[in-house]
Amino acid sequence: MGSGENNPLGAQNAWDMLSDEQSQKHITTGSGDLNNILGGGIHCKEVTEIGGVPGVGKTQLGIQLAINVQIPMQYGGLGGKAVYVDTEGSFMVERVYQIAEGCISDILEHFPHSHEKSSSSNKQLQPEHFLADIYYFRICSYAEQIAAINYLEKFLGEHKDVRIVIIDSVTFHFRQDFDDLALRTRVLSELSLKLMKIAKAYNLAVVLLNQVTTKFTEGSFQLTLALGDSWSHSCTNRVILYWNGNERYAYLDKSPSLPVASAPYAVTGKGVRDVVSSNHKRVRVT
Amino acid sequence: MANMPVSEMRLPPHLAHLLAARRLDTAKDVLSLPEVELMAVLDAGLPTARAAVAHVSEAACPPCQTALALLEERVRLGGGGRLATTLCGLDEALGGGIPMGKLTEVVGPSGIGKTQFCLKVALLGALPEYYGGLDGRVLYIDTESKFSSRRMIEIGQKSFPQVFRQEGLAQKMAGRILVTRPTSLADFTKSLEQMKVTLLQHDVKLLIVDSMAALTSLENERATGFRQHPLRWALSFLKSIAEFSRIPVVVTNQVRSQSNVDGYHFSFEVDRKDGDNCTGGFDSHLVAALGIQWAHAVTVRLVFESHSGHRFIKVAKSPMSPAVAFPFVVETSGITLLSDEGIDVTGPEITSIRCQGKNVLAQ
């Protein structure tokens with residue numbers, strides 16, 4: 001970024017930004033189809049919101065990302081750490097262990113020669129090692145959630161190798177016990193600004209899981225992500241998980257650079273993966 | 001820690017005085033205000049407001065643990081922390097049984113066997129550990145007045161004859177199950193508030209609420225928002241009770257008929273509405289009485305339903321489990337699975353609730 005130095009405002013020119021973007025690695029979701037519609041995976045320096053009905057796999061995807069961000073660089077990953085902010089108590093550590101095992105077995109399958117490698121890389125590929133690099137915060141009220149997000153700035157300064165922050169879910173406490181909706185909107189928009197700032201400053205991905213709610217529009221009830229219209233502006237990318245027949249699908253609802261598209265994915269014992277049947281349509285642009 | 005007093009946070013003196021003077025006594029008071037409003041209240045500049053927020057946030061943020069530390073703690077506290085239901089297939093699907101520290105919901109049409117399930121689980125909570133129980137007291141909040149001691153003991157005698165043959169054990173087991181019957185939501189809320197103390201004093205190892213939805217119907221029809229609010233509070237509270245006392249919490253939920261199929265689609269899914277209505281034939285479509293917000297909050301959801309002549313338990317939501325269904329019958333020994341091999345369920349069918357009426361009137 002040599003040319004950046006000549007810039008009087010400390011700004012970055014668009015050409016540099018492009019090469020910067022191209023050199024960035026993305027965090028894989030575990031499903032190739034899903035990565036495709038996301039432009040390679042979850043992007044660092046961006047805030048991505050993922051919403052869906054109960055049981056469709058939001059938490060599963062969240063845990064998967066917390067594991068996948070740690071795939072070592074020599075295996076094509078980011079080799080970073082994860083922060084997991086759990087507001088709902090749905091983080092099941094036994095499941096995290098399973099997903100870590102699934103991720104490791106996939107790595108070994110792709111890189112069969114790595115069995116003979118030095119013991120140091122074998123040590124890296126232990127589920128315990130993956131679990132040790134997930135920093136977990138259990139949040140029990142919205143005030144704690146605000147506190148945690150404020151504190152993250154300091155925490156990330158001390159833990160510079162964190163590449164993803166997952167908040168599961170951003171909604172829960174704000175829906176449970178916040179009465180003044182106008183105040184809620186202001187507090188939430190301040191939070192989202194802070195998260196965006198963190199994402200840029202520490203070059204990491206912020207993933208917000210959101211619940212769905214029903215909304216009355218155009219004469220019928222429809223599902224929509226919770227927290228209202230003004231909140232929907234606050235995320236760079238928005239992905240909605242839903243059921244399409246018997247398959248789980250992800251729908252890219254909003255992205256500054258990618259077309260609206262949907263793709264199937266599956267939740268298996270090993271974690272989030274591609275749907276294996278051959279007769280479905282691949283990435284479909286709607 | 002949201003209610004942590006600012007005075008205990010060891011803030012720099014000038015900030016502590018400033019916050020105290022403005023009656024911002026707890027972390028919640030300070031953090032609920034957007035930055036600009038905080039500046040106005042404090043009558044201070046942005047740096048001061050930010051410094052205050054940063055200090056208070058650091059103090060009020062719960063401590064961080066690594067996932068590995070969590071796992072080690074889980075192992076140290078013994079196993080995965082499960083209460084086995086003795087329904088082998090279901091236990092296996094749930095990773096050992098009903099998880100401790102989490103909220104487990106049983107939802108289904110009336111008469112399907114939810115209360116039967118609860119009675120059995122209650123009994124298991126009271127049984128000695130040797131027989132797979134929790135060897136503790138059980139708090140049973142019975143809002144529908146359906147709890148039957150006689151039925152529970154009958155289930156016990158048939159399911160665990162070896163235990164109940166012992167002299168006086170039936171009395172001892174039944175004596176450990178404390179049943180409360182709140183008559184209004186306010187009553188229920190009050191008993192919840194006292195619960196934290198009760199749980200500690202009485203060595204309660206299991207909490208059952210049968211049913212949660214009945215509480216809302218106890219209050220006469222009012223504006224939805226008004227009705228929802230105490231329930232939302234109860235929901236947060238039950239979750240926190242489960243977590244901090246590390247006990248399983250089981251709640252039941254009723255069903256109501258689905259008023260509008262459209263309500264369960266996103267706006268971009270236009271093409272699916274027609275195709276979906278034809279499923280089921282005579283089966284009526286039902287949804288859980290407590291809405292989608294409630295569904296998000298429970299960790300494990302078991303759906304009890306009936307179709308094609310059988311009753312099924314479905315693991316509709318669980319972070320640990322595959323989507324499976326088990327056919328079951330209700331016998332004198334309580335709920336029994338017809339097969340421990342679960343039937344794989346694909347797609348969203350796992351969350352649907354079907355009820356095949358006996359349709360006596362039509363005959």
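Bear in mind that the values here come from a model prediction, so they are computed numbers and not experimental data. Residue numbers begin at 1 in each chain, while the letters A, B, ... track the order of the sequences.
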[X] versus chain B, heavy atoms under 4.5 Å apart: side chain, backbone, both or neither?
{"X": "A/Arg138", "answer": "both"}
{"X": "A/Lys81", "answer": "neither"}
{"X": "A/Tyr97", "answer": "side chain"}
{"X": "A/Gln60", "answer": "side chain"}
{"X": "A/Glu153", "answer": "neither"}
{"X": "A/Val267", "answer": "neither"}

Worksheet item: Do A/Asn210 and A/Thr171 have side-chain atoms, one donor and one acceptor, less than 3.5 Å apart?
Response: yes

Worksheet item: Would A/Glu88 and A/Ser169 count as having a side-chain donor-acceptor pair, cut-off 3.5 Å?
Response: yes

Worksheet entry | Residues A/Lys194, A/Glu190: salt bridge by 4.0 Å N-O rule | yes

Worksheet item: Where on B/Ser240 is there a heavy atom nearer than 4.5 Å to chain A: the side chain, the backbone, both, or neither?
Response: neither

Discussion item. Less than 4.5 Å to any heavy atom of chain A: does that hold for the side chain of B/Glu37, its backbone, both, or neither?
Written reply: side chain

Item to complete: Identify the residues of residues 64-71 of chain B whose heavy atoms come closer than 4.5 Å to a heavy atom of chain A, ordered by number, or report 'none'.
Response: B/Cys64, B/Gln65, B/Thr66, B/Ala67, B/Leu68, B/Leu70, B/Leu71

Worksheet item: Which residues in residues 62-69 of chain A have a heavy atom less than 4.5 Å from any heavy atom of chain B?
Response: none

Fill in: Partners passing ring pair (Phe, Tyr, Trp, His ring centres under 6.0 Å) against A/His159 (at least two apart in sequence or in another chain)
A/Tyr135, A/Phe155

Discussion item. Once you measure the plane-to-plane angle for A/Tyr84 and A/Phe91, does it fall in the parallel (<30°), tilted (30-60°) or perpendicular (>60°) bin?
Written reply: tilted

Worksheet item: When rounded to the nearest 0.5 angstrom, what distance separates NE2 in A/His129 from CD1 in A/Ile104?
Response: 10.0 Å

Fill in: Which residues share a salt bridge (Lys or Arg N to Asp or Glu O under 4.0 Å) with A/Lys154, sequence neighbours left out
B/Glu58

Worksheet item: Any side-chain heavy atom of A/Leu225 sitting closer than 4.5 Å to one from A/Arg238?
Response: yes

